[in-house]
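One structure below.
Computation of the quantities below employed the complete heavy-atom set of this structure, encompassing side-chain atoms and omitting hydrogens, waters and symmetry-equivalent molecules. None of these values were measured; they are calculated from a predicted model.
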Number of protein chains: 2
Amino acid sequence: MESQDLKKAGLKATLPRLKILDILEHSRQRHLSAEDVYKALLEGGEDVGLATVYRVLTQFEAAGLVRRHHFDEGHSVFELELGEHHDHILCVKCGRVDEFYDETIEDRQQAIASKAGYSMTDHSLYIYGICPACQKRA
Amino acid sequence: MESQDLKKAGLKATLPRLKILDILEHSRQRHLSAEDVYKALLEGGEDVGLATVYRVLTQFEAAGLVRRHHFDEGHSVFELELGEHHDHILCVKCGRVDEFYDETIEDRQQAIASKAGYSMTDHSLYIYGICPACQKRA
DNA sequence: CATGCGAATGCGAATACTTCTCATTATCCT
DNA sequence: AGGATAATGAGAAGTATTCGCATTCGCATG
């Protein structure tokens, strides 16, 4: 029963929110755009408006349930927040997304921010390249 | 005479292109949005359309004259390409932008891409935080 | 378990940013 | 200078996202 999760986050357990959470949890891809979520809802026979999808995803982000990314595509993508931080490496040919975590980079970032006098609140690191499959295909 | 620079880049030396290049070179801020450039043109008494600004900036990017960034603001910002690669650290309060370069991070990124089997083409790293001035102000 | 209040939703209109279309104009080669 | 060709300006069109508001739903209460 996920409605507990929502209540814990200070959100009413409404049908749209439960459905969207479900899609984020059980979708093939971990990274979904608002449009992706909307289409998944329609395919599931749900009658949810696109505006609600945007609203709910934004609320989920504020509540720390999902993370919003800006890949170089012109729209936001959302990913369930599972606690473990990671960065992304993306294929510029096929759009494949992989994840990684590197302690050294994390440490250096913190050091750079400190040296510049900043108190670091967040960071985003995307590596772009051509994935193994697309290299073979070329 | 900068028209040589444009010709070298394979672009005709038109008035809008010269003016935009000039703005990018002499603006207070290194990082400008299309709208910023457009406003600067109008203030300079130039009669250039916003569509042209977008077109020219995109061409400049393709020609390697400028670099396009996607800070978490929903629009693109452009910066003159001066050869030396660097990453950015941004203040989430006042929008200040600083630059840095870290050899260790650059190397690690390359290593991570290789390990994942990717051939790296590019990367973007933004550190978000609160700048010294905004920390004092709080 | 019926009921009411406030919060959440769906819809379409509105906004922000960017690109496209096309008639007009400017650039550059000769 | 003249003409082929590419570039421009203006506004329409296209995406991505948010807003406004009447209606509906969740949930604490009786």
Side-chain angles (χ1 to χ4, degrees), chain A residues 1-23 31-42 44-63 65-78 95, chain B residues 1-23 31-42 44-63 65-78 95:
Chain A
M1 195 55 97
E2 295 139 340
S3 64
Q4 305 313 317
D5 301 335
L6 288 175
K7 298 231 181 90
K8 240 174 287 178
L11 297 169
K12 272 194 202 169
T14 66
L15 204 68
R17 299 215 258 240
L18 287 168
K19 288 296 173 190
I20 291 173
L21 199 49
D22 186 62
I23 285 167
H31 304 86
L32 298 172
S33 67
E35 198 73 35
D36 292 336
V37 172
Y38 181 59
K39 273 186 282 193
L41 284 166
L42 294 188
E46 298 299 327
D47 186 27
V48 174
L50 181 55
T52 299
V53 173
Y54 276 102
R55 261 187 306 237
V56 168
L57 288 172
T58 301
Q59 292 160 347
F60 281 6
E61 183 191 17
L65 293 175
V66 307
R67 203 143 218 293
R68 181 195 301 255
H69 297 290
H70 300 279
F71 300 156
D72 275 7
E73 304 170 325
H75 60 258
S76 298
V77 300
F78 300 85
Chain B
M1 194 55 94
E2 296 139 338
S3 65
Q4 306 314 317
D5 302 336
L6 287 175
K7 299 234 183 85
K8 241 176 284 176
L11 297 169
K12 272 191 200 170
T14 66
L15 204 68
R17 300 215 257 241
L18 287 168
K19 288 297 176 188
I20 291 173
L21 199 49
D22 185 61
I23 286 166
H31 304 86
L32 298 172
S33 68
E35 199 74 35
D36 292 337
V37 173
Y38 181 59
K39 272 187 285 195
L41 284 166
L42 295 189
E46 298 300 327
D47 185 29
V48 173
L50 182 54
T52 299
V53 174
Y54 276 103
R55 259 186 309 235
V56 169
L57 288 172
T58 301
Q59 293 160 346
F60 282 5
E61 183 191 16
L65 293 175
V66 307
R67 204 143 219 291
R68 180 195 301 255
H69 297 289
H70 300 278
F71 300 156
D72 275 8
E73 302 171 327
H75 60 258
S76 299
V77 300
F78 300 84

According to side chain to side chain donor-acceptor pair (under 3.5 Å), who are the partners of A/Glu73, at least two apart in sequence or on a separate chain?
A/His75
Write down the atom of A/Ile23, the atom of A/Val37, and the distance for their closest heavy-atom approach.
CD1-O, 3.9 Å
Apply ring-ring contact (aromatic ring centres under 6.0 Å, His included) to A/His69 and list each qualifying residue two or more places apart in sequence or on a separate chain.
A/Phe71, A/His88
For D/dT17, does OP1 or OP2 lie under 4.0 Å from any side-chain N or O of A/Tyr54?
yes
In whole angstroms, the gap separating P of C/dT19 from NE2 of A/His75 amounts to 15 Å
In whole angstroms, the gap separating P of C/dC17 from CG of B/Leu57 amounts to 15 Å
What pairs with A/Arg67 under salt bridge (Lys or Arg N to Asp or Glu O under 4.0 Å), at least two apart in sequence or on another chain?
A/Glu81, A/Asp122
Can you build the contact string for nucleotides 2-15 of chain C? Use B for base contact, S for sugar-phosphate-only contact, and - for no protein heavy atom under 4.0 Å.
----BSSBBBB---
Please report the distance, rounded to the nearest Å, between CG in A/Leu32 and C1' in D/dA16.
16 Å
For A/Glu61, all residues meeting salt bridge (Lys or Arg N to Asp or Glu O under 4.0 Å), sequence neighbours excluded:
A/Arg68
All pairs passing side chain to side chain donor-acceptor pair (under 3.5 Å) where residues 11-22 of chain A contributes a residue, at least two apart:
A/Arg17-A/Gln59, A/Asp22-A/His26
Do B/Leu11 and B/Phe60 have side chains that get closer than 4.5 Å, going by heavy atoms?
yes
In whole angstroms, how far is the P atom of D/dT8 from the CD atom of B/Glu46?
13 Å
Using the test side chain to side chain contact (heavy atoms under 4.5 Å, CB included), find all partners of B/Tyr38 that sit at least two apart in sequence or belong to another chain.
B/Glu35, B/Leu42, B/Leu50, B/Val53
Would you please say whether a donor-acceptor pair under 3.5 Å links the side chains of B/Thr52 and B/Arg55?
yes
Could you list, one pair per line, each protein nitrogen or oxygen that sits under 3.5 Å from a nitrogen or oxygen of nucleotides 28-30 of chain D, together with the distance?
none

Given atom CG of A/Leu18 and atom C1' of D/dG26, what is their separation to the nearest angstrom?
11 Å
What integer distance in Å separates A/Glu73:CD from D/dG14:C1'?
18 Å
For B/Ala62, give me all partners under side chain to side chain contact (heavy atoms under 4.5 Å, CB included), at least two apart in sequence or on another chain.
none
Spacing of A/Glu35 atom CD relative to D/dT15 atom P, expressed in whole Å
11 Å
Applying a 4.0 Å non-hydrogen cut-off, can you work out what A/Ser33 is touching in the nucleic acid: base, sugar-phosphate, or nothing?
nothing
Could you tell me, to 10°, how much the axis swings from one end of the helix from C/dC1-D/dG30 to C/dT30-D/dA1 to the other, five pairs per end?
30°
Side chain proximity check, B/Asp5 to B/Leu65, heavy atoms < 4.5 angstrom:
no
Using atom CG of B/Leu41 as one end and atom C1' of D/dA10 as the other, report the distance to the nearest whole Å.
16 Å
